[in-house]
Amino acid sequence: MTSIKGLLRTHHCGQLNGENVGQEVILCGWVNKVRNLGGLHFIDIRDKFGLTQLSFSDFKDDIKIIKEAALESVIMAKGKVSTRPEEAVNKNMKTGEVEVLVSELKILSKCDIDKIPFLPFGQIEATEDHRLKYRYLDLRTEKLQNILKLRSETTLKTRLCLDKAGFVEVETPILYKSTPEGARDYIVPSRVHPNKVYALPQSPQTLKQLLMIGGTDKYFQITKCFRDEDLRADRQPEFTQIDIEVSFSSASYIKNLCEFLLKELFPVSEDFTLPSMTYQKALEIYGSDKPDTRFELKHMIVTDLFTTSDFKVFSSVVESNGLIKAIFVPARLGQFSRKDTDGFTEVVKPYGGKGVAFYKVDQGKRSAGISKFISDEIHQKLESLSEEKGDGTWLFFADSNAMVAHNSADALRRYLGQNLNLIGEGYSFLWVHDFPLLDWDEDTSRFVAMHHPFTSPKMDEVEDFLNADVNDSQGALSKIKAEAYDVVCNGYEIGGGSVRIYDDKVQSQMFKALGMSEEETKAQFGFFVEALKYGTPPHGGIAFGLDRIMMLLAKTDSIRDVIAFPKTTSASDLMAASPSAITENQLKELNMKWR
């Protein structure tokens with residue numbers, strides 16, 4: 001670390017050791033602990049780097065100042081570094097072999113100890129709402145300071161890595177145009193343009209593509225993005241992306257680039273490569289396009305085994321062209337009581353599942369659940385599909401809506417992974433590719449983009465795409481694959497991207513497929529479609545979620561831990577009481593009225 005003169009202190013509180021004995025030093029920090037041992041007074045002073053014991057055995061000033069130095073007050077102490085008595089050495093502290101014999105003590109800022117909501121280093125941990133409301137106190141903790149430092153190091157590594165690969169960092173606007181990208185926009189009314197608004201960008205998608213049209217070649221940005229959507233543990237209304245775009249790139253180049261970057265950020269081997277899996281395969285064996293591959297319990301599709309089943313739930317699903325999946329849990333991994341199997345219904349219910357059928361095998365004999373509907377032949381066929389056989393529990397997920405069966409099986413697999421302690425340490429990555437280009441929305445009777453409207457069809461399917469009937473939900477459009485890909489780690493999607501459309505005719509067809517009229521297309525994307533007419537290089541990119549990467553690196557399961565000032569799951573800032581009410585004067589200036 002470069003030393004720059006002018007600080008109030010000569011050393012930080014985790015720095016002193018035997019080599020400093022005899023030196024005059026000045027320390028600044030917070031009062032962490034005060035001790036009075038029969039007239040011998042000690043204060044542990046703390047900053048983000050550690051603790052140092054202050055001794056007042058040679059203190060000449062009024063001892064009353066020590067009593068005024070309440071916990072969490074900020075103090076400055078001047079004195080000489082001394083070796084601690086042998087019996088007082090604290091081997092659990094970095095500075096435990098020394099203490100500072102204080103000659104001068106100054107209270108820089110008093111803490112109102114009677115009113116402080118909680119002690120950051122107290123024995124009683126505050127509730128999460130309390131810690132969010134008083135985030136500045138929570139930030140004093142070693143955990144959050146370490147995460148802030150780790151985040152800083154990670155962004156620096158990212159910049160150095162991409163710079164090494166020839167990328168240029170470019171800032172794009174935060175006040176931008178509202179464009180449909182899948183989530184609701186955050187809207188900013190314009191004072192100088194009455195009745196018009198800006199939107200905060202959900203991503204710099206069109207902007208980075210325009211940079212490619214502009215000849216930038218290799219762009220990146222560590223940028224804020226904003227989406228007004230329902231929140232969960234790994235999602236915030238504003239989040240940070242490592243945004244990347246490259247001209248003349250293939251999906252293969254982006255994959256190689258991702259491997260190059262991930263080797264810098266994660267503790268993986270030098271010969272690390274991203275294992276690949278198609279979207280369809282991921283759905284079949286994990287029920288998810290972002291599976292946690294650190295443990296087994298793979299799914300099996302067993303619909304065909306129950307075409308003549310006497311079990312009405314299964315037979316009705318078969319008749320409706322639905323899906324039946326199975327998971328086999330070997331007895332060596334876990335066994336389930338009736339209470340456990342009944343409880344599985346609550347696990348799948350949030351995903352549309354109505355229940356989990358099952359039967360058990362013990363010493364080769366089938367029992368419980370739906371065992372009476374399982375013939376020897378069906379059981380043998382099930383075992384032939386399973387990587388493991390023998391004693392254990394067979395679990396089934398059936399629904400006329402295939403995605404409900406996938407999601408339910410995925411939910412229970414993740415639940416079992418946690419509850420049976422099957423999830424190991426470390427990082428398990430996956431490159432998921434060959435996503436469908438479009439998905440049919442039954443509610444609106446139109447196609448929607450699986451990724452976003454600028455994702456290219458597979459190159460060998462472009463002609464089929466251009467000639468497809470945009471109104472046929474079961475036609476060619478429903479079968480076309482996208483040149484899109486995700487990077488998954490430990491059950492989180494940490495990055496997603498695609499090769500982009502660079503032909504204005506293909507882009508116009510995409511807007512038609514999404515049900516947008518020529519007028520809508522011109523109003524929302526006219527500037528972009530026009531830009532495509534003036535010479536556009538083939539290009540592609542990816543955006544990594546920095547916050548999710550930090551969750552993995554910091555080994556926490558809450559995104560709020562890795563953001564300095566996060567929002568709650570209701571998109572509120574408890575500390576600043578945000579969002580807040582707008583004043584009448586502001587409404588008048590913006591030419592607005594509340595409805």
Side-chain angles (χ1 to χ4, degrees), residues 1 7-9 11-15 27-34 43-52 69-77 93-95 107-158 222 224 226 231-240 545-580:
M1 187 189 301
L7 288 174
L8 298 179
R9 67 191 181 204
H11 298 75
H12 60 67
C13 297
Q15 192 171 357
L27 299 181
C28 296
W30 285 264
V31 175
N32 196 70
K33 197 173 187 179
V34 180
I43 288 178
D44 286 348
I45 186 173
R46 182 196 80 238
D47 61 14
K48 68 173 285 181
F49 303 100
L51 293 167
T52 299
L71 295 179
E72 296 305 312
S73 295
V74 180
I75 60 174
M76 180 169 67
M93 285 174 63
K94 284 191 294 185
T95 62
I107 299 175
L108 301 177
S109 174
K110 282 188 178 181
C111 171
D112 190 341
I113 194 64
D114 294 326
K115 292 184 179 178
I116 192 168
F118 63 90
L119 292 171
F121 286 77
Q123 292 183 344
I124 301 173
E125 187 175 352
T127 63
E128 185 177 34
D129 279 359
H130 229 46
R131 287 187 287 115
L132 288 173
K133 184 174 181 180
Y134 301 97
R135 184 66 168 182
Y136 45 85
L137 293 178
D138 201 27
L139 282 171
R140 295 180 190 176
T141 61
E142 184 178 17
K143 174 186 174 181
L144 291 190
Q145 282 300 318
N146 286 343
I147 289 175
L148 289 180
K149 184 171 185 289
L150 179 63
R151 185 170 179 130
S152 175
E153 292 168 348
T154 302
T155 55
L156 179 59
K157 284 180 183 177
T158 299
I222 298 176
K224 281 285 188 185
F226 307 85
L231 306 186
R232 56 185 185 227
D234 66 337
R235 184 180 284 170
Q236 284 274 295
E238 55 178 303
F239 56 95
T240 306
L546 178 62
D547 307 304
R548 288 182 183 171
I549 287 175
M550 292 312 308
M551 285 173 63
L552 292 164
L553 291 174
K555 298 181 178 177
T556 179
D557 58 3
S558 174
I559 203 167
R560 290 187 286 277
D561 287 342
V562 301
I563 297 172
F565 297 101
K567 307 287 191 295
T568 66
T569 50
S570 62
S572 301
D573 181 337
L574 297 181
M575 182 185 68
S578 165
S580 55

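Since we're looking at a predicted model, the values are computed, not measured.
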Residues pairing under salt bridge (Lys or Arg N to Asp or Glu O under 4.0 Å) where one sits in residues 563-578, two or more places apart or in two chains, turn out to be Glu238-Lys567
Should the pair Asp547-Arg151 be classified as a salt bridge under the 4.0 Å nitrogen-to-oxygen rule? yes
So, the side chain of Thr52 versus the backbone of Cys13: is there a donor-acceptor pair under 3.5 Å, distance only? yes
If you count the non-hydrogen atoms of other residues, nucleotides and ligands that lie under 6.0 Å from NZ in Lys33, is the total more than 12? no
What I'd like to find out is whether the side chain of Phe49 reaches to under 4.5 Å of the side chain of Gln15, using heavy atoms alone. no
Supply the atom-to-atom distance Trp30 CH2 to Leu108 CG, rounded to the nearest 0.5 angstrom. 10.5 Å
What distance separates Lys133 NZ from Thr568 OG1, expressed to the nearest 0.5 Å? 13.0 Å
Atom of Leu71, atom of Leu119 and distance for their closest heavy-atom approach: CD1-CD1, 4.0 Å
Please determine whether the number of non-hydrogen atoms from other residues, nucleotides or ligands lying under 6.0 Å from atom CD of Glu153 exceeds 12. yes
Straight-line distance of Lys555 NZ to Ile147 CD1, nearest 0.5 Å: 12.0 Å
Intermediate values then yes/no, side chain to side chain contact (heavy atoms under 4.5 Å, CB included), Met575 and Leu132: CA-CA 6 Å; Met575 182 185 68; Leu132 288 173; over 6 Å; no
Can you spot which of Arg235, Arg560, Gln236 makes a side-chain contact (heavy atoms from CB on, under 4.5 Å) with Thr569? Arg560
Quick check: closest heavy atoms across Met550 and Leu150, and the distance to 0.1 Å? CE-CG, 3.6 Å
Lys94: salt bridge (charged side-chain N to carboxylate O under 4.0 Å, His left out) partners, not counting sequence neighbours: none
Applying salt bridge (charged side-chain N to carboxylate O under 4.0 Å, His left out), name anything that partners Lys110, two or more places apart in sequence or on another chain. none
Thr556: which residues meet the side chain to side chain donor-acceptor pair (under 3.5 Å) condition with it, sequence neighbours left out? Asp561
Hey, does the side chain of Gln145 reach the backbone of Leu139 with a donor-acceptor pair shorter than 3.5 angstrom? yes
All side chain to side chain contact (heavy atoms under 4.5 Å, CB included) counterparts of Leu8, not counting sequence neighbours: Cys28, Met76
Interatomic distance, CD1@Ile549 vs CG@Leu553, rounded to 0.5 Å, equals 7.0 Å
Closest approach of Phe121 and Arg140, non-hydrogen atoms and distance? CE1-O, 3.3 Å
Nearest non-hydrogen partners of Asp47 and Arg9, listed with the distance: OD2-NH1, 4.0 Å
Heavy atoms of Pro579 and Ala571 approach each other most closely as CD-O, 3.9 Å
If you round to the nearest 0.5 Å, how far is CD1 of Ile222 from CG of Leu156? 9.0 Å
Between Cys111 and Ser73 the two heavy atoms that sit nearest each other are N-OG, 2.9 Å
Under the side chain to side chain contact (heavy atoms under 4.5 Å, CB included) test, which residues partner Ala69, sequence neighbours left out? Val31, Ile43, Ile75, Ile107
Measure the acute angle between the ring planes of Tyr134 and Phe118, then classify it against the limits of 30° and 60° as parallel, tilted or perpendicular. perpendicular
The reported gap from CE in Met551 to CG in Asp557 (rounded to nearest 0.5 angstrom) is 6.5 Å
pair Asp138-Arg135: side-chain heavy atoms closer than 4.5 Å: yes
Do side-chain atoms of Thr141 reach the backbone of Pro120 as a donor and acceptor pair under 3.5 angstrom? no
